[in-house]
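These numbers were taken from a predicted model, which means no experiment stands behind them. The chains referred to below are lettered A, B, ... by the order of the sequence lines, with proteins before strands, and numbering in each begins at 1.
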Amino acid sequence: MVSWLALLALLALTVTLAYRPLGAFNMVAALAIGTIKAAIVAAVFMELRRRGSQNAAAGLFWLGILLWLGSMDFLTRT
Amino acid sequence: VLVAEAPAGPVRVVVQALALVLARVAVVQALVAATDQRRQVAKVHHRCTPVQKSKSILKCDRGEGSPACAVEAFADARGISRGLLAGAILLGLLFIGLKGLEYAEEYREHLVPGIDFAFDGPLADGVELFFVFYFVATTLHALHMLVGIGLLATFALLMRRAGDSRTRAALHSAALYWHFVDVVWIFLFALIYLPGRSS
């Protein structure tokens with residue numbers, strides 16, 4: 001329940017921040033808050049806090065490589 | 001390049017934020033549904049005598065459902081679980097419905113690359129690239145949500161009968177899948193709906 005409220009609060013924060021003109025920091029803040037939210041979901045809702053997370057980390061590593069290569073076009077095209 | 005043109009309009013961002021919140025509620029509901037029965041089962045097993053427990057294991061192995069001492073508690077927990085699953089399914093469908101409204105709006109605004117795309121100005125290429133990313137990512141996410149909704153519906157139906165431990169374990173896995181699809185949306189929301197709001 002606490003983690004659910006924390007997720008709602010973070011959502012409110014990230015939407016509020018998106019409307020403030022902060023330049024490049026807008027994107028940094030949005031992704032940082034997104035990472036915190038994802039960590040809460042993974043730890044609490046996906047129950048990773050109660051078990052070893054090596055497997056999850058390995059999966060995330062390979063998923064990261066796939067997404068990184070998959071987003072090449074978007075990251076490099078001018 | 002990606003930040004060139006966020007889908008605009010304060011109404012839409014509010015609707016989308018609302019959809020996110022509702023999807024989160026659905027996730028919580030699914031989790032509660034998944035854990036509630038496990039707790040009930042643990043409680044029931046605590047109350048059972050060793051003989052009843054061994055019988056329940058035998059019966060579960062044969063797929064005949066729960067032991068006599070557990071029938072009532074199971075019925076309660078199953079009712080709650082099924083209600084929560086129904087809530088999660090409805091919220092998931094609401095999310096899909098909002099997505100459909102959004103797609104219709106983008107089609108009317110000629111923003112669908114490959115089908116009907118018209119955008120003038122120096123940023124046209126960046127905007128098209130953005131919408132390719134937008135449609136691929138959100139469509140993939142929506143398809144995974146439909147799979148998740150189907151899974152939850154299957155378990156809601158299966159739970160009309162007394163669940164055995166295999167059903168519970170499978171529902172647990174389905175809940176993990178649902179949360180993973182949710183994590184994907186957290187990042188899509190930050191990448192697609194938040195940039196470009198402040199200008």
Side-chain angles (χ1 to χ4, degrees), chain A residues 1-51 53 55-56 59-60 63-64 66-68 70-78, chain B residues 1-4 6 10 12-32 34-35 38 123 125-126 128-134 136-137 140 172-173 175-199:
Chain A
M1 194 61 184
V2 175
S3 48
W4 184 62
L5 289 176
L7 287 171
L8 281 184
L10 283 172
L11 170 64
L13 178 69
T14 194
V15 171
T16 312
L17 277 179
Y19 279 98
R20 300 283 153 81
L22 304 170
F25 186 70
N26 272 122
M27 197 62 171
V28 177
L31 286 178
I33 293 175
T35 308
I36 296 172
K37 282 160 76 179
I40 292 176
V41 173
V44 179
F45 294 104
M46 298 176 84
E47 303 175 7
L48 281 177
R49 66 180 164 169
R50 274 189 260 141
R51 52 196 83 190
S53 48
N55 290 341
L60 201 63
L63 184 65
L66 287 176
L67 291 177
W68 171 56
S71 59
M72 267 304 161
D73 191 16
F74 301 98
L75 293 174
T76 57
R77 199 188 290 206
T78 51
Chain B
V1 181
L2 215 59
V3 195
R12 202 194 286 170
V13 78
V14 169
V15 168
Q16 212 47 54
L18 192 69
L20 184 76
V21 174
L22 288 166
R24 180 99 57 239
V25 175
V27 165
V28 172
Q29 305 280 39
L31 177 87
V32 172
T35 49
R38 293 168 72 209
L123 289 175
D125 285 347
E128 185 163 12
L129 194 60
F130 171 85
F131 275 98
V132 168
F133 171 79
Y134 164 80
V136 169
L140 267 179
H172 193 213
S173 303
L176 288 178
Y177 168 81
W178 185 269
H179 294 309
F180 177 75
V181 178
D182 185 51
V183 168
V184 171
W185 185 255
I186 287 176
F187 286 108
L188 287 186
F189 184 73
L191 284 174
I192 290 174
Y193 291 96
L194 294 180
R197 292 276 158 212
S198 55
S199 52

Test log, rule side-chain contact (heavy atoms from CB on, under 4.5 Å), inputs A:Thr35 and B:Phe187
CA-CA 8 Å; A:Thr35 308; B:Phe187 286 108; 3.9 Å; yes

Quick one: side-chain contact (heavy atoms from CB on, under 4.5 Å) partners of A:Leu13, sequence neighbours excluded?
A:Leu10, A:Leu17, A:Ile33

Please name all residues satisfying side-chain contact (heavy atoms from CB on, under 4.5 Å) with A:Ser3, sequence neighbours left out, ordered by chain then number.
A:Ile40, A:Val44, A:Phe45

B:Ile186 to A:Gly34 - nearest heavy-atom pair and separation:
CG2-O, 3.4 Å

More than 12 heavy atoms from other groups under 6.0 Å of OH on B:Tyr177:
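Yes, enclosed.
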
Heavy-atom side-chain proximity of B:Leu194 to A:Met27 below 4.5 angstrom
no

Chain B interface, residue from A:Ala29, A:Ala42, A:Ala12, A:Ala30 that has the most non-hydrogen pairs under 4.5 Å:
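Going by pairs under 4.5 Å, I would pick A:Ala30.
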
